[in-house]
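Step one of this worksheet: look at the structure below.
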Amino acid sequence: MATDYLWIEGIPFHTTTIRDLRSLQNEFVVRDEDVITLSYPKSGTNWIKEIINLIHTRGDPSWVRSVVSWERSPWIETPEGLELIKKQKDPRSYASHLPMQLFPKSLFTSKAKVIYIMRNPRDVIISGYHFHKTLKITKNPNSFEEYFEWFLRGNVPYGSWFDHIGGWLQMRGKQNFLLISYEELHQDLRASVEKVSQFLGTKLSSEELDSVLKNVTFQAMKDNKMSNFSLLSDIYMDQRKACFLRKGITGDWKNQLTVAQSEAFDKVYQEKMAGLPPGLFPWE
Ligand code: PPS
């Protein structure tokens, strides 16, 4: 089990993160053709990545069934991911949990398509807690109470949820930025996939759309070893205990947070999110 985080620019990271994020930030060249998935961890990133990958193949599942998800859309903040991205052909597809202030600066002058997926932070806490219990590349919580406190203080990998979302939402309104939520995917997957494919400029036939939908259900991804993280090396995760596609539901926080924790969370939420327009978040 890992004992601590890797701290970069005052933010905790997994120990597998590129140490020199400043060079990445200054030197990586984002291309106009790139499709970039951004999120705070445990927000449904791999779900939207799977959707993007299947839109790219027009619903043909052979790619998502033969190549692991972290090679289809690699993480830019890991050395292995970065190498894979450099070898990708256009249009490249990659992902990141980096906060806005640490992301490669060239994004902000490019036309690259950015999809930011967000999720009710209360559910992000629950999902993150279960995940971090099994992860070997980060500090492991001894109890839910401990993890809850860490989360509220931003002492979890990638830092504060509030800062992360507050940062990236500054891109709201730009033509190349699509904001989507985990809750929206749950509520109407078909409409959500259509929204993403329209944003990506891909018009799918109804058969192609049906095939995307069939292959991105919770069960389909759980059954696909290229998408369910069972092939991830034991170096990263304790595979005996891990379950990446854990429950895949909305509102699981109601089963876990005590009334006191829920009230404490609401207080911080209201303070930190004041100033953002009402109606922006489906969980409010
Ligand atoms: S990570 O590790 O940060 O990249 O995790 P991330 O992919 O962002 O989020 C993991 C949670 O997303 C759920 N998930 C899904 N839910 C519904 N349907 C599908 N197809 C799906 N794919 C992933 C996954 O189960 C994690 O949520 P929890 O609540 O832990 O189940």
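Counting starts at 1 for both ligands and their atoms, in listed order.
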List every atom of ligand 1 that sits less than 4.0 Å from any heavy atom of [X], numbering the atoms from 1 in the order shown and giving each element.
| X | answer |
| --- | --- |
| V216 | 20 (N) |
| N46 | 1 (S), 4 (O), 5 (O), 6 (P), 7 (O) |
| P41 | 3 (O) |
| T217 | 20 (N) |
| H97 | 1 (S), 3 (O), 4 (O) |
| S127 | 26 (C), 27 (O), 28 (P), 29 (O), 30 (O) |

Under 4.0 Å, counting heavy atoms only: does [X] come that close to any atom of ligand 1?
| X | value |
| --- | --- |
| G44 | yes |
| E50 | no |
| Y40 | no |

*asked:* For F103 together with W168, are the ring centres under 6.0 Å from each other?
replied: yes
*With a 6.0 Å cut-off on ring centres, are F13 and Y158 close enough?*
yes
_Suppose we measure from atom 15 (C) of ligand 1 to each protein heavy atom; which comes out shortest, and what is that distance?_
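Residue, atom and distance for the closest contact: Y182 OH, 3.8 Å.
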*Starting from atom 24 (C) of ligand 1, which protein heavy atom do you reach first, and at what distance in Å?*
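It is F244 O, 3.7 Å.
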Test item: [X] side-chain N/O and [Y] main-chain N/O as donor-acceptor pair under 3.5 Å:
| X | Y | answer |
| --- | --- | --- |
| S106 | V30 | yes |
| H164 | P41 | no |
| S211 | E207 | no |
| E146 | N142 | yes |

*Would you mind finding which of T45, D123, L245 brings a heavy atom closest to atom 14 (N) of ligand 1?*
L245
*Any idea which of K42, R119, H130, K222 brings a heavy atom closest to atom 29 (O) of ligand 1?*
R119
*Which pairs count as side-chain hydrogen bond (donor to acceptor under 3.5 Å, both in side chains) when at least one residue sits in residues 60-70, sequence neighbours excluded?*
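Applying side-chain hydrogen bond (donor to acceptor under 3.5 Å, both in side chains) to every pair that reaches into residues 60-70, excluding sequence neighbours, yields D60-S62, R65-N215.
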Indicate yes or no: does an N/O atom of [X] lie under 3.5 Å from an N/O atom of ligand 1?
| X | value |
| --- | --- |
| W75 | no |
| K247 | yes |
| F131 | no |

*Residue of the set E183, R122, R119 for which side chain to side chain contact (heavy atoms under 4.5 Å, CB included) holds with T250*: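 Of the listed options, the one satisfying the test is E183.
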*asked:* Any salt bridge linking R190 with E194? Criterion: basic side-chain nitrogen under 4.0 Å from a carboxylate oxygen.
replied: no
*asked:* Within the structure provided, determine whether L185 and I117 are in side-chain contact (heavy-atom separation under 4.5 Å).
replied: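 Yes - at least one pair of side-chain heavy atoms lies under 4.5 Å apart.
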